[in-house]
Visitor: 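Below is one structure. I have some questions about it.
In what follows, every chain begins at residue 1, and chains take the letters A, B, ... in the order their sequences are listed.
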Amino acid sequence: MIKALRGMKDILPDENEKYIYFLENATKLAKNYGFEYIETPILEETALFKRSVGESSDIVGKEMYEFVDKGGNSVCLRPEGTAGVVRSFVEHKFDRILGVKRYFYYGPMFRYERPQKGRLREFHQFGVECFGEDNPYEDVNIILLLKDILDFFGINYTLKINSLGCQNCLPPFRELLVKHLYDIEDGLCDDCKRRIKTNPIRVFDCKNESCQTILKDAPRLGSALCKECDESFEFVKKKLDELGVEYEVDTNLVRGLDYYTKTAFEFVSGDLGAQNAVAGGGRYDRLVEFLDGKSTPGIGFAIGIERILDLIELPKKEMNGYYFGAMDEDAVSLIFRLGHICRKRAKTEISYQKKSLKAHLKAADKKAARYCVVVGENELKSNSVWVKDLVEKEEKLIKLEDFEKGSGL
RNA sequence: GUGGGUGUAGCUCAGUUGGUUAGAGCAUCGGAUUGUGGUUCCGAGGGCCGUGGGUUCGAGUCCCAUUACCCACCCCA
């Protein structure tokens, strides 16, 4: 038996209903905020992700589905959505036009990781990106949109925010931190020793207690922010306070993608297992330049769709549409014709098998149809159809010509 | 990549210190006096007990290997 690849899942009708429910409402909210739909290819040149996400990141370093295509190009399945949108933005020269552009997207992403709860190799994200707006109001705006989406679905979460600094304050801080870490290297765990080289800021959320005690005297990013970053972070916090949006400043919050600057945020949920981030995002003011565009500020977020689906409860499904059944072999062609007419009005399912009335009612119920339409010997004789409203429990005999016109129900 | 756990019916799982014909619930299909659904009652179908090897008179059960899934580390949405 051939099975789906590791970490890849079929999205079956049950799950899909939720998926569509999520997508429809998230889309609507994003549009209300002025975002427009954009779709970019799933396959992109490898260099795109090396230059945007960053070669030092785990995503590019070891998690990409990368291969050489028949033309000899190094390509990969996108591991995240932002890079492609930025590529498109630059390629179509929108960086030359002044003004603000807002996009949203959704679709599959691929990362070659060991699967676990909330982590798949093929997963789906819904994300938004805003270009050309450096006003911290937009940081607040983006957080509000994300909050609105999560609130719409009644999800419990904690909002964590942090500032990652910019090109002026982050590099000097990083240098200072690395220097300090080398001084205390002997006391650090193996993971942290590795992190000094790969991602020094990560040491702050090491779970090892001894590391935490040693790190007490280490320099902190919060106190190293430049004036501009500090002001913008303070502004975001102030606005969130004013709006009554609860948040936690988490100085350990680090985005794993190299392009993030300044405001970073994450919505976490306690009901998700170890992979507790439902959504995350932040500002990326240098990314457009990294991809050969004219310097343009950007900010966005992405929601892990599988993760949010885990937290969403679908509203109760109502009985609707028609179910057609025949109790006589000769009635099948009639109900097939009638059913076809009904499809223009509502969901309609037709059973081609002659069955007992009871069997048809049972089937109609299972299909969650509102009306069970049955034709048997009696109805054939009287040129009518028997219809039962499964919700109101009322039944009627309707003249064929009336039923065809859509009246009588 | 590193740990730990689990593979028995379509699904969720029982299955004693190894013992004869492998069990339940749910789901499916059929019936409960002639054409009335969701609840109830009765019945039926459905299993290479993940795969390969070993121990044994005898293995779903014990041992080894392998593979898949799950969870965690790591990382992230």
Side-chain angles (χ1 to χ4, degrees), chain A residues 1 3-9 12 14 53 56-63 79-82 106-127 146 150 157 189-192 194-195 198-199 202 205-208 253-257 260 264-269 272-282 300-311 319 323 325-328 331 353-372 374-379 386-395 397:
Chain A
M1 180 174 48
K3 295 200 278 189
L5 259 20
R6 165 175 284 197
M8 313 222 166
K9 278 216 168 74
L12 300 171
D14 245 16
V53 177
S56 68
S57 71
D58 274 32
I59 293 176
V60 169
K62 46 190 189 194
E63 296 172 3
E80 58 100 46
T82 302
Y106 53 81
M109 309 292 162
F110 301 83
R111 294 184 198 170
Y112 197 88
E113 294 183 273
R114 190 84 171 257
Q116 69 181 77
K117 191 174 172 65
R119 191 167 80 183
L120 291 163
R121 288 184 172 180
E122 181 187 18
F123 61 104
H124 297 76
Q125 287 189 336
F126 177 96
L146 183 48
L150 299 182
Y157 54 77
C189 70
D190 290 346
D191 279 337
C192 284
R194 181 177 46 78
R195 287 181 178 116
T198 58
N199 201 343
R202 276 273 168 209
D205 61 1
C206 180
K207 290 171 181 74
N208 206 317
L253 175 64
V254 181
R255 313 263 74 223
L257 289 67
Y260 283 112
F265 54 88
E266 208 166 85
F267 284 76
V268 300
S269 161
L272 283 174
Q275 309 301 318
N276 65 355
V278 204
F301 68 68
I303 300 172
I305 296 183
E306 281 82 358
R307 290 185 188 174
I308 199 172
L309 257 33
D310 255 9
L311 302 171
M319 296 184 104
Y323 170 93
M327 293 171 65
D328 191 303
Q353 253 73 49
K354 172 198 135 184
K355 273 189 221 165
S356 69
L357 180 64
K358 186 187 189 132
H360 281 310
L361 280 163
K362 238 179 186 169
D365 192 65
K366 198 160 297 162
K367 294 284 186 185
R370 170 86 190 253
Y371 300 104
C372 180
V374 176
V375 176
E377 208 181 339
N378 302 345
E379 290 76 20
W386 178 90
V387 181
K388 180 159 187 176
D389 181 331
L390 264 32
V391 177
E392 299 297 329
K393 300 172 199 283
E394 284 168 1
E395 53 187 272
L397 219 53

Visitor: In whole Å, measure the gap between the P atoms of B/C63 and B/U16 for me.
Guide: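 Result for the P pair: 14 Å, nearest Å.
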Visitor: For RNA chain B, whose closest nucleotide is more 5', that of A/Lys9 or that of A/Arg307?
Guide: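 By nearest-heavy-atom nucleotide position, the 5'-most residue is A/Lys9.
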Visitor: Can you find a pair of side-chain heavy atoms, one from A/Trp386 and one from A/Leu357, that are under 4.5 Å apart?
Guide: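 Sidechains of A/Leu357 and A/Trp386: in contact.
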Visitor: Please name the nucleotide paired to B/G3 by Watson-Crick or G-U wobble geometry with both distances under 3.5 Å, or report none.
Guide: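 Across all strands, the one nucleotide that pairs with B/G3 is B/C71.
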Visitor: Check A/Asp328 with A/Lys354, please: is the shortest side-chain N to carboxylate O separation under 4.0 Å?
Guide: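 Result for this pair is no, no salt bridge flagged.
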Visitor: Using modelled atom types only, decide if a donor and an acceptor are shared between the side chain of A/Glu306 and the backbone of A/His124 within a distance under 3.5 Å.
Guide: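 Judged by distance alone, yes, a pair lies under 3.5 Å.
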Visitor: Reckon A/Lys366 touches a base, only the sugar-phosphate, or nothing at all at heavy-atom distances under 4.0 Å?
Guide: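 Result for A/Lys366 = sugar-phosphate.
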Visitor: Let me know, please, whether A/Val278 or A/Asn378 comes out on the 5' side of the other along RNA chain B by nearest nucleotide.
Guide: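 Result of the comparison: A/Asn378.
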Visitor: Using purine N1 to pyrimidine N3 plus N6-O4 or O6-N4 for Watson-Crick, or N1-O2 and O6-N3 for G-U wobble, each under 3.5 Å, what pairs with B/U56?
Guide: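 None - no nucleotide pairs with B/U56, as no candidate has both distances under 3.5 Å.
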Visitor: Considering only side-chain heavy atoms of A/Leu361, which listed nucleotide, B/U36, B/A72, B/C74, is closest?
Guide: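 My answer, after comparing the listed nucleotides, is B/U36.
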Visitor: Considering Watson-Crick and G-U wobble pairs with both distances under 3.5 Å, what does B/U66 pair with?
Guide: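 Partner of B/U66: B/G50.
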Visitor: Who is the Watson-Crick or G-U wobble partner of B/U28, with both distances under 3.5 Å?
Guide: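 Its partner is B/A44.
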Visitor: Which nucleotide, in any strand shown, forms a Watson-Crick or G-U wobble pair with B/U34, with both distances under 3.5 Å?
Guide: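 Result: none.
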Visitor: Considering only atom P, compute the distance from B/A27 to B/U36 and round it to an integer number of Å.
Guide: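 It comes out at 23 Å once rounded to the nearest Å.
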Visitor: B/G37 P sits how many Å from A/Glu392 CD, rounded?
Guide: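 A/Glu392 atom CD is separated from B/G37 atom P by 18 Å.
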Visitor: Checking contacts here: which listed nucleotide (B/C29, B/C75, B/G37) is nearest the side-chain heavy atoms of A/Lys358?
Guide: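 That would be B/G37.
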Visitor: Quick one: does A/Arg121's side chain have a donor or acceptor within less than 3.5 Å of a partner on A/Pro115's backbone?
Guide: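 Side chain of A/Arg121 to backbone of A/Pro115: no pair is present.
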Visitor: Assign A/Glu395 to base, sugar-phosphate, or nothing according to its heavy-atom contacts below 4.0 angstrom with the strands shown.
Guide: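 Here A/Glu395 touches the bases of the nucleic acid.
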Visitor: Suppose we define a pair by two distances each less than 3.5 Å, Watson-Crick or G-U wobble; what does B/C13 pair with here?
Guide: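 B/C13 is paired with B/G23.
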Visitor: Using the C1' atom as the point on both nucleotides, what is the distance between B/U61 and B/A14, in whole Å?
Guide: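 Their C1' atoms lie roughly 13 Å apart.
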Visitor: Distance check, C1' atoms only: B/A59 and B/G52, in whole angstrom units.
Guide: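 Straight-line distance between the two C1' atoms is 15 Å.
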Visitor: Find the distance A/Asp14:CG to B/A27:C1' and express it as a whole number of Å.
Guide: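 These atoms are roughly 13 Å apart.
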Visitor: Could you check how far NZ of A/Lys367 sits from P of B/A27, rounded to whole Å?
Guide: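 For the pair A/Lys367 NZ and B/A27 P, the rounded distance is 16 Å.
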Visitor: Between B/G30 and B/C69, how far apart are the two C1' atoms, rounded to whole Å?
Guide: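 About 36 Å, rounded to a whole number of Å.
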Visitor: Do A/Glu80 and A/Ile59 come close enough that some side-chain heavy atom pair is under 4.5 Å?
Guide: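 No - every pair of side-chain heavy atoms lies 4.5 Å or more apart.
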Visitor: Under the 3.5 Å rule, do the base of B/C75 and the side chain of A/Arg119 count as making a donor-acceptor pair?
Guide: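 It does, because a donor-acceptor pair links the side chain of A/Arg119 to the base of B/C75 below 3.5 Å.
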Visitor: What integer number of Å spans the C1' atoms of B/C29 and B/G46?
Guide: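 Each nucleotide's C1' atom is 11 Å from the other's.
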Visitor: Say we look at B/G37 and B/U20: how far apart would their P atoms be, to the nearest angstrom?
Guide: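 Each nucleotide's P atom is 44 Å from the other's.
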Visitor: Can you tell me the distance, in whole Å, between the CG atom of A/Asn276 and the P atom of B/A72?
Guide: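 Distance, rounded to whole Å: 10 Å.
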Visitor: For A/Gln116 versus A/Gln275, what's the shortest heavy-atom pair and its separation?
Guide: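 Where A/Gln116 meets A/Gln275 most closely, the heavy atoms are NE2-NE2, 3.0 Å.
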Visitor: To the nearest angstrom, how far is A/Tyr371 atom OH from B/G38 atom C1'?
Guide: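 Going from OH in A/Tyr371 over to C1' in B/G38 covers 18 Å.
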Visitor: Tell me whether the side-chain N/O atoms of A/Gln116 come closer than 4.0 Å to OP1 or OP2 in B/A72.
Guide: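 Yes.
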Visitor: What's the closest nucleotide to the A/Phe123 side chain, out of B/C71, B/A77, B/G35?
Guide: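 Comparing B/C71, B/A77, B/G35 against the side chain of A/Phe123, the answer is B/A77.
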Visitor: Look at the side chain of A/Lys362 and decide which nucleotide, out of B/A68, B/A77, B/G38, has an atom nearest to it.
Guide: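 So the nucleotide nearest the side chain must be B/G38.
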Visitor: What is the distance, to the nearest angstrom, from the NZ atom on A/Lys62 to the P atom on B/C74?
Guide: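 These atoms are roughly 11 Å apart.
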Visitor: Using whole Å, what does the distance between atom P of nucleotide B/C75 and atom CZ of A/Arg121 come to?
Guide: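 It works out to 18 Å between those atoms.
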Visitor: Sticking with atom P, work out how far B/C73 lies from B/C57, rounded to a whole angstrom.
Guide: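 Approximately 48 Å lies between the P atom of B/C73 and that of B/C57.
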Visitor: Would you classify A/Ala302 as touching base, sugar-phosphate or nothing, given that sugar-phosphate means primed atoms plus P, OP1 and OP2, and contacts are heavy atoms under 4.0 Å?
Guide: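 Sugar-phosphate, no base atom in range.
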Visitor: Within the structure, does a side-chain N or O atom of A/Arg114 lie under 4.0 Å from either OP1 or OP2 of B/U2?
Guide: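 Looking at the OP1 and OP2 atoms of B/U2, neither is under 4.0 Å from any side-chain N or O of A/Arg114.
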Visitor: Heavy atoms under 4.0 Å, any strand shown: does A/Gly281 hit a base, just sugar-phosphate, or nothing?
Guide: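 Answer is nothing: A/Gly281 stays at 4.0 Å or more from every strand.
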Visitor: Measure the spacing between CG of A/Leu390 and NZ of A/Lys367 and express it to the nearest 0.5 Å.
Guide: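 Those atoms lie 14.0 Å apart.
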Visitor: NA contact type, A/Ile303, heavy-atom cut-off 4.0 Å: base, sugar-phosphate, or nothing?
Guide: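 Here A/Ile303 touches no strand at all.
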Visitor: Measure the distance from CG on A/Asp328 to C1' on B/G35 and round it to the nearest whole Å.
Guide: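 A/Asp328 atom CG is separated from B/G35 atom C1' by 12 Å.
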Visitor: Name the nucleic acid region contacted by A/Glu379, choosing base, sugar-phosphate or nothing; use a 4.0 angstrom heavy-atom cut-off, strictly under.
Guide: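 Result for A/Glu379 = base.
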Visitor: Could you go through A/His360 and A/Tyr323, starting from their C-alpha distance and side-chain angles, then the distance that decides it, and tell me whether this counts as side chain to side chain donor-acceptor pair (under 3.5 Å)?
Guide: CA-CA 8 Å; A/His360 281 310; A/Tyr323 170 93; 3.0 Å; yes
Visitor: As a test of reading the structure: which of B/A77, B/G37, B/C73 is closest to the side chain of A/Leu390, going by heavy atoms?
Guide: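 Within the option list, the nearest is B/G37.
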Visitor: Looking only at side-chain atoms of A/Gln275, point me to the closest of B/G35, B/C75, B/A77.
Guide: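 Selected nucleotide: B/C75.
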Visitor: Please tell me which of the listed nucleotides, B/G3, B/C74, B/G37, lies nearest to the side chain of A/Lys393?
Guide: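 So the side chain of A/Lys393 is nearest to B/G37.
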